[in-house]
Amino acid sequence: MSGVCETRTDAAAGQLRAFLILPWLCLACLRAGSSQAASPGLNESASLTNGPLSQPLSLTDAINLALERNPNILRAKKDLESAQGVTIQTRAIAIPKLALTGSYNAQERSDVDILSLPAGVITNAFPGGNNVSFGNDQNWVSQVKLVQSIYEGGRILSALRAARLTREQSILNFRTTIADTVLAVEAAYGDVLLDREQICVQEASVELLSRELEDTARRYKAGTVPRFNVLRAEVELANARPKLIRARNDYRIAKNNLANLLGLDLPRQTLEDIPLRLTGVLEAQPWKIELPSAIATALERRTELGALRKTQALRQEDVAAAKAGYKPSVQLYAGYDAHNSMLSPDLAVVDHGWIAGAQLSWNIFDGFRAQGRVKETTALFERAGIDLDDTARRIELDVRTAYSNFIEADETLKSQQKVVEEAEEALRLASARSEAGTGTQLDVLSAQTALTEARTTRVQALHDYVLARARLERAVGVNIPTQSPLAQ
């Protein structure tokens, strides 16, 4: 486990915002109709499935991998495709419709009207002689018709606006999922780094206590310290070992959580401690931001608010479509018609030609259906406004809470800057005094405990700062890039 304690550098921290381009490439693939290229299937080869485990992962690598394989991202992409289908359906009202229809019917001969002409009337033109039938017992008709709506009471323009709003809303929802996934990966990645460092702290503590036990045992054999000192050193060492065991278990669990977020399908033969190696280190990068600026940025940039604004606009279009139920509908049509001749029993005798016209429909009274629809959509529009205001207040609360936690984490971290150095110096002095016979074993053990606590607090403070900053960036809405097409 000593390899866990190696110091690593993480160049990814400063480049995170610049390299998150994968979701936009995925969207481009989605628009091109190549969704399979954007999301690997579950039956990939073993080399692709286990590839991320065979090489160290930076924070940027982990985020890009999650944006490719995380189930929430994959579901969001399918939601985006679904929304594009809704967009196509919504604007269909403004596009001409071309239809081919045909029918055939047969009836009893007695059901056909027959006119008997008086004797002496010229009937050479009629196959039935003096009996003239108005129609045939068998008929067929076929039409090709192009229909274009020219007035739908305002529904056409409303549908075009709704299609655009639906597309924009789906993109904003997709970006919300991306932002949530980025935060989740940052938190899980930080947890792994924290637990890795905690192992280092606990291993150092066990090593110090082991050396103290060896030194005390040596002194006991020399007759300079009593048996009590040996027992105390053994107890302190025994109390430290469970903390190391717990730290190693936390490390294993944290790596499994991160692998799950990354969408990795671990082979069944993978050991309990999966071979997931991270190149990052916990480091605090300063960030200066004022609360009023953070709140203003959040109200402008948070995609949840943008999506709710689109929802409110969509509900307004629903009201316009509902009010169209009070108004008439007008269509123009043109096409070609063919049918069997009504004056000949031979079905092969065909009459055909071009047709054109206009049609109008108007529900003068529909049982108050339009009125009920208007009332429903108006209430939903007003509710959308309430949801928008409430979400804005909750986002402001999120920013205030995240900002306060960030300030706390920053102040705590600053308060721990020299504590570890002071605790190490205190242990050195206590050990020196004990060697000289002017100090006690209790002084040494107390100094060792203080050093372990200082190291633990320092690592936890670093982790809390990194996590608090990530959450504040998410609350403000700046944890995804703005130079992509989706941000425009």
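Excluded from the calculations below are hydrogen atoms, water molecules and symmetry mates; all remaining heavy atoms, backbone and side chain alike, are included.
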Only residue of Thr181, Asp180, Asn173 satisfying side-chain contact (heavy atoms from CB on, under 4.5 Å) with Thr177 is Thr181
In the structure I gave you, are the side-chain heavy atoms of [X] and [Y] within less than 4.5 Å of one another anywhere?
X	Y	answer
Leu462	Val466	no
Tyr403	Leu472	yes
Gln148	Ile95	no

Can you find a side-chain donor-acceptor pair between [X] and [Y] that sits under 3.5 Å?
X	Y	value
Asn72	Arg75	yes
Asp464	Gln460	yes
Gln107	Asp137	no

Tell me whether Glu376 is salt-bridged to Arg373, with the criterion being a basic N under 4.0 Å from an acidic carboxylate O. yes
Between Lys78 and Glu81, does any side-chain N to carboxylate O distance fall below 4.0 Å? yes
side-chain contact (heavy atoms from CB on, under 4.5 Å) between Gln198 and Leu194, worked out: CA-CA 6 Å; Gln198 292 288 21; Leu194 169 65; 3.9 Å; yes
Working for side-chain hydrogen bond (donor to acceptor under 3.5 Å, both in side chains), residues Glu152 and Ser149: CA-CA 7 Å; Glu152 294 290 343; Ser149 296; 2.9 Å; yes
Stepwise side-chain hydrogen bond (donor to acceptor under 3.5 Å, both in side chains) test for Gln331 and Ser329: CA-CA 7 Å; Gln331 295 90 29; Ser329 173; 2.4 Å; yes
